[in-house]
Each structure stands twice: as C-alpha cells, then as structure tokens.
Undergrad: 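Pasting a structure here, questions to come.
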Amino acid sequence: QQQVKQSPQSLIVQKGGISIINCAYENTAFDYFPWYQQFPGKGPALLIAIRPDVSEKKEGRFTISFNKSAKQFSLHIMDSQPGDSATYFCAARAWKLVFGQGTRLTINP
Amino acid sequence: DVKVTQSSRYLVKRTGEKVFLECVQDMDHENMFWYRQDPGLGLRLIYFSYDVKMKEKGDIPEGYSVSREKKERFSLILESASTNQTSMYLCASSFRGATNEKLFFGSGTQLSVL
C-alpha cells in the first residue's frame, strides 16, 4: 500500500524554468517530510526537508511548500539548471520513512 | 563525510542461487536499512536494524533475510534468488533517534537474476 503518492513520474523543463513535483499522503501521523535527490549511478541524498508546523521552507533554489489540511507537499526548483537533472523522491515519516514513487526530472539546455 | 559502501556495483546470479549483498558504514550509525528500487515503485523497505543482532521486517521482506553481527555491517541475503528479485538494492544508515532523520545511502547494487 503506497502511503505517499508522487507525481508526475517524469518531467521535462527548460533551463531557467520552474520544476514542480507534488506529493500527497494519507497518514496524519507523519511528522517529517524530506526530499531526496538521486543522480545516475549514485544513491539518493537528502536535499531538503520540512516539518508540518511550517508551510514553506526554502534553501537556495529549492523550496518545499506544505499544505497540512490538504495533506500535500511539493518541491519547487526555481531557475532550473541542467545539473538539476536527477530523480527526486519525496518521503514521509511516522516511525519509519515511506518514499514516493520518484520523479525523473530532465532540464533541457 | 559519511560513507556507506556496498560490496558490488553489479551482480549477475542464477535462479535458485543464494545471494549475499554486503553493506558497511563508517559513521557508527545505529540504524541500517535495505531498500529495493524499481521504476515506478520508488524505494521500498525490505528490512532494517536498530542495533547489532536486531532486525525488523519492512514492507517487502518475503524472500529475503538479513544479518547484523557487527554495528558497521548489514547483510542482505536472498536465500533462493528468483527473477522477480532482479532490482537495484540500496543500503542506508542513520543515527538512532534523530529528530530530523537523515538517511545516508550507498551507491547501490544492480542485481540481475537469470
């Protein structure tokens, strides 16, 4: 049973554009929502994370928007660059992390 | 920097073989995890361990077992490999009880079962 649903499965964005990846969850016990970034041939690495007591967290060009009432959160990548091309996973934790299905992001130069 | 090392990058095995995937971490982390990664399914937890000689089933433990005899080493065992176990296997580790838990992943082992 997939407790975190991620969309889209793949995304192509032009350089300089905004990339948006969405996740939805059902379990209200989740208390921590990280995003992981994975480059080809590498394991995922923590990119940015948020706790449900705030609605937004920004780190450089990466922003998490969190909507507790809708049980949704999203990753926004501003001024997307070819180096951002990677697979992105959202996740949520109650007592263990549950990952979304992943989004393969391609930034065209 | 934390390093999580998986013993093999690519592995090809025959159906019915016993397969060992090894993982070692160098940061004295209490928690260790095994995930499998399949396109469209994301990362699914197979087994995890919070301490030496302790193990807990994850979401998809069938067909797998694990061993943690030392704190730094966590092994995944496929008792009798089957073709549906062809996948990318990722090991991860983290500190126990961290409020904002950060998983450190290895680079993965791409296992093909023929």
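None of these values were measured; they are calculated from a predicted model. Note: hydrogens, waters and symmetry copies are ignored here, and every other heavy atom, side chains too, is used. Below, chains carry the letters A, B, ... as their sequence lines are ordered, and counting in each starts from 1.
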Undergrad: Atom CZ in A:Phe99, atom CG in B:Asp59: separation rounded to 0.5 Å?
TA: 11.0 Å
Undergrad: Is there a path from A:Ile77 to A:Phe33 through hydrophobic residues (I, L, V, M, F, W, Y) whose side chains come within less than 4.5 Å of each other?
TA: yes
Undergrad: Give the cluster check for A:Val54 versus A:Trp35: same hydrophobic cluster or not, with ILVMFWY residues linked at side-chain heavy-atom distances below 4.5 Å.
TA: yes
Undergrad: Within the structure provided, determine whether B:Tyr35 and A:Leu97 are in side-chain contact (heavy-atom separation under 4.5 Å).
TA: yes
Undergrad: With chain A, which of B:Gly108, B:Gly58, B:Gly40, B:Pro39 has the greatest number of heavy-atom pairs at distances under 4.5 Å?
TA: B:Gly40
Undergrad: Among A:Gln9, A:Arg104, A:Lys96, A:Gln6, who wins on heavy-atom pairs under 4.5 Å with chain B?
TA: A:Lys96
Undergrad: What distance separates B:Phe105 CZ from A:Leu46 CG, expressed to the nearest 0.5 Å?
TA: 10.0 Å
Undergrad: Go through B:Arg9, B:Gln110, B:Met88, B:Gln6 and name the one with the most non-hydrogen pairs under 4.5 angstrom from chain A.
TA: B:Arg9
Undergrad: Assigning hydrophobic clusters by single linkage (Ile, Leu, Val, Met, Phe, Trp, Tyr; side-chain heavy-atom cutoff under 4.5 Å), is A:Tyr88 placed with A:Tyr25?
TA: yes
Undergrad: Between B:Trp34 and B:Ile60, is there a shared hydrophobic cluster once you connect ILVMFWY residues whose side-chain heavy atoms come closer than 4.5 Å?
TA: yes
Undergrad: Is B:Asn31 in contact with chain A via its backbone, its side chain, both, or neither, using a 4.5 Å heavy-atom distance?
TA: neither
Undergrad: Looking only at heavy atoms, which two atoms of B:Leu90 and A:Pro44 are closest? And how far apart?
TA: CD1-CD, 3.8 Å
Undergrad: Any pair with a residue in residues 42-107 of chain A that passes disulfide bond (SG atoms under 2.5 Å apart), sequence neighbours left out, goes on the list, sorted by first then second residue, please.
TA: A:Cys23-A:Cys90
Undergrad: Linking I/L/V/M/F/W/Y whenever any side-chain heavy atoms sit under 4.5 Å apart, do B:Val66 and B:Leu78 land together?
TA: yes
Undergrad: Between B:Phe33 and chain A, which part of the residue has a heavy atom less than 4.5 Å away: side chain, backbone, both or neither?
TA: neither
Undergrad: Of all heavy-atom pairs between B:Gln37 and A:Phe89, which one has the smallest distance, and what is that distance?
TA: NE2-CZ, 3.4 Å
Undergrad: Considering non-hydrogen atoms only, spot the tightest contact between A:Tyr32 and B:Glu101 and give its length.
TA: OH-O, 3.0 Å
Undergrad: Nearest 0.5 Å please: distance from the CG atom of B:Leu43 over to the CD atom of A:Gln38.
TA: 7.0 Å
Undergrad: Between B:Tyr50 and A:Trp95, is the ring centre distance below 6.0 Å?
TA: no
